[in-house]
Enquirer: 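Submitted below is the structure of interest, expressed as structure tokens.
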Amino acid sequence: MRAGAFLPTLLLLAGGPGAPDHGASGPLRVTTVTGETMDLSSPSLADGLLTGRVAGEERKLPLDGLWKLEDGAVAARAPVERAGLPAFVELRGMPPLEGKLVGGDAEGLLRFRLAGGGEVAVPRQLVYALRLEAVPKPAAEAEAEKPAEDAEGGAAQDEDTADLDGGFDRSYDSPPEASDRVFARDPKGRIRGFGCTVLGVADGNLSVRRGERVLSLPLDRLYGVVFGRLSGLAPPVREAGKVRARVELADGRRLGGTLVGLDDDKVVLRVVDGCDLGFPRKDVSAVELLSDRLLYLSELEVQDRIQREILGREWPILVDHGEGDRPLALGKETFRRGYLVVPGTGFAWKLPRTYDRVEGLVGMPEAAVGSARVRFVSEGEELGPPLELHADGVPRKLSLPLRGAKELRIEVEATADLDAGGRVVLGDLRVVQEKPR
């Protein structure tokens with residue numbers, strides 16, 4: 001991306017139909033990397049410090065020492081479905097946002113007007129796909145609303161529903177490698193797709209290169225674009241010393257970037273240098289912070305795995321989800337990260353640096369019978385007494401010192417009353433540094 005290619009942009013995104021009014025919000029439930037929780041009112045973020053009041057006293061909290069910021073007053077809403085949006089733009093690695101391409105420049109900057117009326121400018125390389133109009137309806141639905149005739153006055157022919165968008169959805173699901181794919185309406189109004197390289201927008205036209213030729217396509221004929229894999233920026237990586245964030249909206253969408261603003265009214269996420277997205281606080285249910293001081297074990301590759309046969313078979317280790325791709329849960333707790341295993345399982349990780357403690361919530365889903373024993377071992381020594389678990393659905397807090405360990409092993413042992421329903425949940429299993437280094 002060219003340095004200085006575009007000016008910093010802040011877009012405040014509305015919550016969409018049915019969203020609550022965006023007035024002042026209540027206190028934030030703040031959880032630190034060491035598991036301490038507090039209710040923070042009147043928050044503000046500046047210079048890497050989250051400032052606010054806790055029980056009437058001012059607190060200044062370094063962002064790299066925080067784990068979660070949650071607002072329990074935010075009501076959940078139905079998720080946004082891409083097919084139901086009248087138009088959308090999807091940035092790489094993020095869910096679709098309602099909005100429409102309205103302009104840009106010849107150097108590859110694209111400008112979108114998103115829900116709420118604001119505009120944001122982003123470089124072409126950051127965009128995964130865009131669509132400028134609603135998904136075409138099948139012929140039967142269209143005819144029910146209005147008699148359809150083709151451009152020559154004859155009766156319209158039945159079309160394969162899958163081809164109504166010219167193959168846009170197929171390209172979306174399986175994007176091209178080196179080239180982009182542009183979808184536009186031909187003189188008869190049919191959507192057709194073709195391969196090219198998108199250059200930018202100038203004078204109300206999309207500029208593309210096909211072979212040796214540079215073509216201009218009026219935006220009012222453009223249906224959508226799916227950008228090639230190799231034309232995009234690399235996905236964000238965890239950079240040492242930089243706190244990244246995942247913002248979870250009330251409708252379940254999650255967006256990643258760098259947290260650069262937070263107060264009673266809004267949360268601001270920087271998705272790329274120069275492009276900030278702001279969300280009303282009452283549309284944000286949680287912010288998860290990822291610094292060098294906290295690492296989920298499920299982000300690491302398992303180095304050594306032992307799975308003994310139970311009831312005549314080996315049972316898979318489920319990572320970051322429960323059975324049937326349901327959320328990983330235990331009692332009333334739901335976890336974004338962790339493991340679901342059966343007794344008779346052992347696995348280990350090499351730690352990339354030294355951490356102070358291993359933490360999480362551990363237990364067994366409620367069942368008529370079932371128990372297990374969990375050991376935490378490093379370099380042949382147990383880090384603490386084993387956890388004796390029963391199938392009572394009660395999460396138990398795990399917090400054990402690592403004492404400079406370079407590797408960690410967990411052994412989940414079967415006991416005499418194991419039955420076919422025995423499961424162990426290792427929720428939000430993570431290693432943490434108690435103080436910055």
Side-chain angles (χ1 to χ4, degrees), residues 1-2 4-7 9 11 13 82-83 85-136 151 163-233 271-272 274-275 277:
M1 188 190 311
R2 297 174 293 111
F6 54 100
L7 297 175
T9 303
L11 174 67
L13 298 174
R82 172 174 55 88
L85 295 175
F88 79 88
V89 54
E90 183 171 333
L91 305 185
R92 294 182 184 273
M94 298 189 181
L97 300 171
E98 183 177 349
K100 185 174 182 177
L101 178 69
V102 293
D105 67 21
E107 301 299 319
L109 188 67
L110 303 179
R111 184 162 47 87
F112 298 90
R113 181 174 296 120
L114 303 192
E119 292 190 0
V120 63
V122 296
R124 172 190 63 80
Q125 295 94 330
L126 188 64
V127 182
Y128 175 80
L130 61 93
R131 174 163 52 75
L132 284 78
E133 59 181 82
V135 176
D163 291 327
L164 290 174
D165 63 2
F168 176 88
D169 268 357
R170 287 197 297 268
S171 290
Y172 176 94
D173 293 334
S174 182
E177 287 290 331
S179 65
D180 306 318
R181 193 150 186 88
V182 168
F183 298 83
R185 292 192 177 275
D186 66 14
K188 293 186 177 182
R190 296 169 298 192
I191 299 172
R192 297 288 185 258
F194 59 91
C196 62
T197 298
V198 173
L199 302 176
V201 176
D203 300 324
N205 296 308
L206 184 73
S207 178
V208 303
R209 178 182 289 116
R210 292 197 74 188
E212 301 298 322
R213 296 187 301 162
V214 174
L215 308 176
S216 293
L217 178 69
L219 291 185
D220 59 9
R221 285 181 50 198
L222 184 64
Y223 174 78
V225 181
V226 176
F227 291 88
R229 291 188 179 97
L230 301 182
S231 69
L233 298 173
V271 296
V272 68
C275 180
L277 298 181

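It should be emphasised that the depicted structure is a prediction, and the values quoted were computed from it without experimental measurement. Along the sequence shown, residues carry numbers from 1.
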Enquirer: How many angstroms lie between atom CG of Leu130 and atom CZ of Phe183, to the nearest 0.5 angstrom?
Expert: 10.5 Å

Enquirer: So, the side chain of Arg124 versus the backbone of Val198: is there a donor-acceptor pair under 3.5 Å, distance only?
Expert: yes

Enquirer: Who pairs with Ala87 by side chain to side chain contact (heavy atoms under 4.5 Å, CB included), at least two apart in sequence or on another chain?
Expert: Lys100

Enquirer: Which pair of heavy atoms, one from Cys196 and one from Val182, lies closest together, and at what distance?
Expert: SG-CG2, 3.4 Å

Enquirer: Which of these, Val225, Leu91, Asp180, sits in a side chain to side chain contact (heavy atoms under 4.5 Å, CB included) with Val127?
Expert: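 Filter result, single survivor: Leu91.
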
Enquirer: Got a second to check how far Leu97's CG is from Phe88's CZ, nearest 0.5 Å?
Expert: 10.0 Å

Enquirer: So, do Val201 and Leu110 sit near enough that their side-chain heavy atoms are less than 4.5 Å apart?
Expert: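 Yes. Closest side-chain heavy atoms under 4.5 Å.
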
Enquirer: To the nearest 0.5 Å, what is the distance between CG (Asp165) and OH (Tyr172)?
Expert: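 Interatomic distance, Asp165 CG to Tyr172 OH, rounded to 0.5 Å: 13.0 Å.
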
Enquirer: Does Asp169 have any side chain to side chain donor-acceptor pair (under 3.5 Å) partners at least two apart in sequence or in another chain, and if so, which?
Expert: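 Only Arg82 meet the side chain to side chain donor-acceptor pair (under 3.5 Å) criterion with Asp169.
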
Enquirer: Can you give me the closest heavy-atom contact between Leu85 and Pro96, atom names plus distance?
Expert: CD1-CB, 4.4 Å

Enquirer: If I compare all heavy atoms of Arg92 with all of Phe227, which pair ends up nearest, and what's the gap?
Expert: NH2-CB, 3.5 Å

Enquirer: Can you tell me if Arg229 uses its side chain to pair, donor with acceptor, with the backbone of Pro175 under 3.5 Å?
Expert: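 Yes, Arg229 side chain to Pro175 backbone: donor-acceptor pair under 3.5 Å.
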
Enquirer: Determine which pairs satisfy ring-ring contact (aromatic ring centres under 6.0 Å, His included) with at least one residue from residues 187-209, sequence neighbours left out, and list them in order.
Expert: none

Enquirer: Can you name the side chain to side chain contact (heavy atoms under 4.5 Å, CB included) partners of Pro86, sequence neighbours left out?
Expert: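 Pro86: side chain to side chain contact (heavy atoms under 4.5 Å, CB included) contacts with Glu98.
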
Enquirer: Determine all donor-acceptor pairs shorter than 3.5 Å in which one atom belongs to a side chain in residues 204-223; sequence neighbours excluded.
Expert:
unit_1	atom_1	unit_2	atom_2	d
Asn205	ND2	Asp203	O	3.4
Arg210	NE	Gly195	O	3.3
Arg221	NE	Arg185	O	3.0
Arg221	NH2	Arg185	O	3.2

